[in-house]
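Report on the following structure.
Note that the structure is predicted; figures quoted are calculated from it, not measured. Reminder, nothing fancy here: chain letters follow the sequence lines and each chain counts from 1.
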Amino acid sequence: MEAILKNLGNTVEVLAVSQTVFVNEWDNQTVVRAFQWARYCEQVYTRFHTTPSIRAALETRLNQTNERLAETFSGYRFLTLSDLAQCQHRLFAGLLRNPVVPLSVIKSLFDKFPSFEDGGSPDEQSNETDSDLIGFIRRRSACDILCSLAVERKESCGLSRASQVQGKLLLQRIEAVQCRPDNDSYARTLLDSFLQDSGGLGNFSEVIAAALLSGYREDATAQDFLLNWLQGHRDVLHSMCQSLQPALCTKLSQQCPTFKLIYWDSLKKWASSLEYNVSDQVWVQKCSNAVSFKSVADRVKSLWSSGSPLKEEMEKDLEVLKQTDGDFEVHGLSVWTDLLNYLK
Amino acid sequence: MTAPSELQLSFWMDKAVKWGQATTPSAQQDMSKHLGSLRSFLQQLLHTLQLTVTSSAVKSLPFVGQFLGRLCWNPYVTADGESCSLLLQCVCCLYSAEPRNALEQRANDWIRNLLCHLTSAEEGGVIYALERFAGIAPHHCSSQALQKMVALLTEEVSVSCSPAVHSLDRCLCDSIHAVSVACVPLITCPEAAPLIGALLKRRISCGCSHLSEEFIEAVSTALLSKTLVLEDMAVIALWCHSLSSLEGAVLSLLESVLSDPGAVLQRLEEVVSSSFLPKASAQHCCIFLIVNDVFRNVLMAMEENVAVGALIQVFTSCFLRSHSAQKQQERLPLRAFFPHVPQNLLTPLLTEPSEVPRQAWLEHVSWIGRLLHSMSREADQVEEKGDSPRALFEAWFLLAQRGHWVDVAAELLVSVDAEQSEPLLCLLTFYHHPTDRGHQSSQQIMAAREAWGRMRILFLAHTLPPERLSSMNKLLSSATSANLLLRLLLSFAIFCPAFTSTAVKVLTQAELKRRAEWLLASAWHRLSRGGALDAALQDRLRALQDSLLPEHISRCT
């Protein structure tokens, strides 16, 4: 075990050096060895990252190495455990970006057209052409083309194919991590990082929605876990309520009671914050980011049109609110009255 | 290979600009038509760039960097394996390990930047985040993403189009064309195979879906070169949909047999089976009829060719096997597959020799021989009236398809007497000389009878005087029915209990030797299938095959 940790530390150091000025002393042989170490690192990650005890040891060593390197090299960027899964790729990208790398080394990188020999999954059989750079670019382009095709089904509710695929990949990963029961906190940490890296709740929301709506029974435990995690992240839920399309939110409400409650609560809150502008004869919200009556009403309508049981629940709720507000029938006095009128 | 001209470069540059990032259906449609020629152009360009230094390359091919750069961001081009590889190689050619001026330095920086962006996802985006989250290397991630994407689309494409469905559920058939256009660069991508299969199969379930021509052609080519593997149903769908792809498959099979007969000789059945044509023919009558049409045309265009004859024979056997392996309720009666042949000829010829007891062979084959003889007489009368004897040609074609009955006739001729030999000789003569009529036909039969008589005497004696050998040689090389005599000769050589392999030394011409190899291979195949290949026969066959070889080659059988 100690040997593995030591090798890990060394590889991280090699990776760090590849991004500094000291790389100008490298020759082709060094590069080849560096890639071999990177591959080794990937294999270590793949084998051990789902085992909590070993993972802890790896993380400790990684942190120690990170600290040391931060002291030595200014501007050093800490490596996380997840980054180790992509060691070879990071090495390649780092070398390309570093202006100090000897040109002959770069040339040899091109000549080889690197095959990232399989460090990923020990049980996958991939031949060299699959794991090389060209294969990678090809497949990404293929995804791009297929993504942009117009054929879409009603069931997708406006979710792009890209989001649907990303949702499935998300669930797949959760399942892989959960293969050992004591990995729950690890899975949570991963989801937290994912959220952080996504650069905006908007994109993230779509992926989560797609994951929750993915139709296959095998995904059920992973979906439950995801919902569980979401309950601890109300900000994400609220963002989903706001940014996702009405039809999508309706579908989610039908599928997940938790989401339904939060969604309906948000809608009621928005509606109740609206004030009636007598001169324009509309309900408005007095703030930046204002929601309009129409947008709230459309969302409510979408929920309403989904039929029972949602429709009955909402009707009951709205009637109660209308009563409490004074049970007016005239337009412009109670937002609940107007909503009910819009719906009927 | 010549360097690309300025005209060419500006043509392709215009195209690259027009295509942009391949987001519109019309751009993709145009690209699907030009993918092949783009590949050739890139090959040409690469060849030139490999020979020149960057600064001179840029001088002679202005905008080459821009051109390559644009294409790198065109996913339609980069999704195609060959184009992607050529493109990136071109880019890397422009990299100078020792830049001598500012231009080359700038080019270097540009290339590194380009490659960096091509291979890494934008930081701060969902894809980057997902790759990190997924805990696998980017190339695995992209492979899995593509598989899932393909699965999604396959599902969408496989939704059947029913005209009874409510009009709001619009028929997706219009979009199927766009999907097929988009799939053209993906044909050789192994992950995309399920989608391609689904597109092809949709044609069967929904008559209005319309696949692009370029797609069909690309699939056809890829199947033949084995760079694409599809499931059986999809291949059948392709062949039913596109006549040219079916014909291409048959011609490809013919070519593989004719171009290198030696390599295929021992494994003819394997080669034919692996083409999937027999199995497909058993499932779809129209495929069988078209395949046979091609065979007919080939036979009519070529002179009597033993290799082609063997191929047709093996194909028909494989077909019959596939046919009988089908479930009773799915099976069409065999008559549907042979519409032009009278039933009284069809039944005996479709029977396997192994299904007929050996004692009954003589009668069985004699019956066929007599029937063919009378059909031939009828055809003479038809011809006198000026009509063409179609029925006779079909009868002959069927005999060609079931050629081992001809072999059986030759085998029987070793042991029968003069009276019994008559119908057998008629059959043999008819097989080898179907177009001879009336007087010519009788002459052929007479010649055959005489040759048979001489061989009989030759082989039943136990010694072979040299002058007999040379007269046999003369007979074979001069006769117009060399193949018939060859068949007889080999038959005697195989089935005569006492023979001398020196008999085969009669065959001195290389061409005769080649044909003899085919006939021996066919005999081996027939006998082993019929369970008649005992040790003695095996030894004799092997000895005959070996004696046909030139001295320096050894064969392992």
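- Side-chain contact between I106(A) and I111(B) is absent, with no heavy atoms from C-beta onward closer than 4.5 Å.
- Of the listed residues (V105(A), I174(A), D144(A), D83(A)), the one with the most heavy-atom contacts under 4.5 Å to chain B is D83(A).
- Among the candidates L169(A), L95(A), L84(A), L190(A), the residue making the largest number of heavy-atom pairs closer than 4.5 Å to chain B is L169(A).
- Side-chain atoms of R161(A) never come within 3.5 Å of backbone atoms of L152(B) as a donor-acceptor pair (strictly under, hydrogens ignored).
- To the nearest 0.5 Å, atoms CD (E104(B)) and CG (L103(A)) are separated by 11.0 Å.
- The stretch residues 67-77 of chain B participates, sequence neighbours left out, in no side-chain hydrogen bond (donor to acceptor under 3.5 Å, both in side chains) pair at all.
- Interface remark: L81(A) contributes no atoms to any contact with chain B (heavy atom separation under 4.5 Å).
- For the pair H89(A) (side chain) and T119(B) (backbone), a donor-acceptor distance under 3.5 Å is present.
- Residue contact with chain A, scored on non-hydrogen atoms closer than 4.5 Å, is absent for L87(B).
- No more than 12 heavy atoms of other residues, nucleotides or ligands lie within 6.0 Å of CD in Q196(A), so this atom counts as exposed by the packing criterion.
- With a 4.5 angstrom heavy-atom cutoff, S193(A) does not touch chain B via any of its atoms.
- Using a 4.5 Å cut-off between heavy atoms, L130(B) touches chain A through backbone and side chain atoms alike.
- Judged as a ring-ring contact (aromatic ring centres under 6.0 Å, His included), and not counting sequence neighbours, H117(B) has no contacts.
- The contact between E131(B) and chain A is made by backbone and side chain atoms together, counting heavy-atom distances below 4.5 Å.
- With a threshold of 4.5 angstrom between heavy atoms, F194(A) approaches chain B through its backbone and through its side chain.
- Contact count against chain A (heavy-atom pairs under 4.5 Å) is highest for A145(B) among A145(B), P185(B), A151(B).
- When each of S96(B), P138(B), C72(B) is scored by its heavy-atom pairs under 4.5 Å with chain A, the top score falls to P138(B).
- The shortest heavy-atom contact between A93(A) and C116(B) is O-SG, 4.0 Å.
- Taking every heavy atom of both residues into account, D80(B) and R138(A) meet most closely at C-NE, 4.2 Å.
- Between E156(B) and L149(A) the shortest side-chain heavy-atom distance does not fall below 4.5 Å.
- Counting all heavy atoms, side chain and backbone alike, M149(B) lies closest to L146(A) at CG-CB, 3.7 Å.
- A distance-only check finds a donor-acceptor pair linking the side chain of R139(A) to the backbone of H139(B) [under 3.5 Å].
- Annotation for E42(A) and A137(B): closest pair OE1-CB, 4.3 Å, computed over non-hydrogen atoms.
- Looking at V207(A), only its side chain comes within 4.5 Å of chain B, counting heavy atoms on both sides.
- Counting heavy-atom pairs closer than 4.5 Å to chain A, the top residue among K148(B), Q28(B), Q147(B), Q21(B) is K148(B).
- Contact of L195(A) with chain B is not made at all, since no heavy-atom distance falls under 4.5 Å.
- Counting heavy atoms from C-beta on, the side chains of L118(B) and F136(A) never come closer than 4.5 Å.
- With a threshold of 4.5 angstrom between heavy atoms, Y95(B) approaches chain A through its backbone and through its side chain.
- For T188(B), the parts lying near chain A are the backbone and the side chain together; criterion is any non-hydrogen pair under 4.5 Å.
- With a 4.5 Å cut-off on side-chain heavy atoms, D197(A) and F133(B) do not count as touching.
- Only the backbone of P99(A) comes within less than 4.5 Å of a heavy atom of chain B; no side-chain atom from C-beta onward does.
- With chain A as the partner, the residue from C183(B), C141(B), S143(B) showing the most heavy-atom pairs under 4.5 Å is S143(B).
- Atom-to-atom distance recorded for I134(A):CD1 and C84(B):SG is 5.5 Å, nearest 0.5 angstrom.
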Show your reasoning for whether side-chain contact (heavy atoms from CB on, under 4.5 Å) applies to Q166(A) and I127(B). CA-CA 8 Å; Q166(A) 286 157 4; I127(B) 299 176; 3.9 Å; yes

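- Heavy-atom pairs under 4.5 Å with chain B were tallied for Q86(A), H49(A), R97(A); the largest tally goes to Q86(A).
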